[in-house]
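Here the structure is a predicted model, which means the values were calculated and not measured. Both ligands and their constituent atoms are indexed starting at 1 by order of listing.
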Amino acid sequence: METFTVEAIILKTDDFGDANRVVTLFTKEFGKLEANAYGCRRSRSPLSGAMQMFNHISAQITRGTKVDTIRDADILNFYDALTKDLERLAYASLLFEIVNRMTFPRQKELETFNLLKKSLPALNKRNPKIAALIGACQFMETSGLQLNFSRCVYCGSEIVGDASISLLDGGAICPNCIDAAQDVRPYPEALRKTFETMLGFNWRDETKLTFNSRLVLAAENFFIDYVQSVLGTGLKSVQFIREFIK
Ligand SMILES: [Zn+2]
């Protein structure tokens, strides 16, 4: 059987059986993959400790006819504040759930892998809500979704001042194209500038993350509405945030 090595971020885990786990990995090499980690919840397992959500790992995987199996794994980085601080856990989960739900298996997306890798230290240490929203914003522009924040999705003209935005059309709408849009909601200039700042954010920049709280809330609601309207279902992490964080 073919065995291969991947560098991956753990997007999601689901327990099954006595000590097993289905692990959803976002790999550098192949994009999103699902593999079984048998026995990983036993303390003496060589996989013990590594198979946790948000870990950055290197793993050896054997391809199976039905399911792939994780044979061995090394932790490259782990972020312990994400499991101890409820707000960090909630917002890291939001970003990871968005990426998991909005990507397809086995589509290599190096930009998405790098984004997850770069966002983790920020989610672990900085303002987790802002870090998650910056992550979501960058994911939506650079992934296959290509949500358009700065140009009209119909005519391509640069948006100036207050405008509209459409979830169904996937981005900003200028005043000239508003009649063609499928659904519109207000897109104030201040929200667009917030998105543009988030898109341009460099994760290595150590300066304090400061955004107007009203605009942060508007950005959060926009991303949640957008993802939920595309998926047609709710996000679990949103329920968690609304129940325990606000
Ligand atoms: Zn237009």
Got a donor-acceptor contact below 3.5 angstrom from the E111 side chain to the Q138 backbone? no

By salt bridge (charged side-chain N to carboxylate O under 4.0 Å, His left out), R214 pairs with (sequence neighbours left out) none

Hey, does the side chain of Y187 reach the backbone of F149 with a donor-acceptor pair shorter than 3.5 angstrom? yes

Look at the rings of F30 and F4 and say which category their plane angle falls in: under 30° parallel, 30 to 60° tilted, over 60° perpendicular. perpendicular

Protein-side N, O or S atoms sitting under 2.8 Å from the Zn ion (ligand 1) are C152 SG, C155 SG, C174 SG, C177 SG

Taking salt bridge (charged side-chain N to carboxylate O under 4.0 Å, His left out) as the definition, give me every residue that meets it alongside E206, ordered by chain and number, with sequence neighbours left out. none

Among residues at least two apart in sequence or on other chains, which ones pass salt bridge (charged side-chain N to carboxylate O under 4.0 Å, His left out) with K66? none

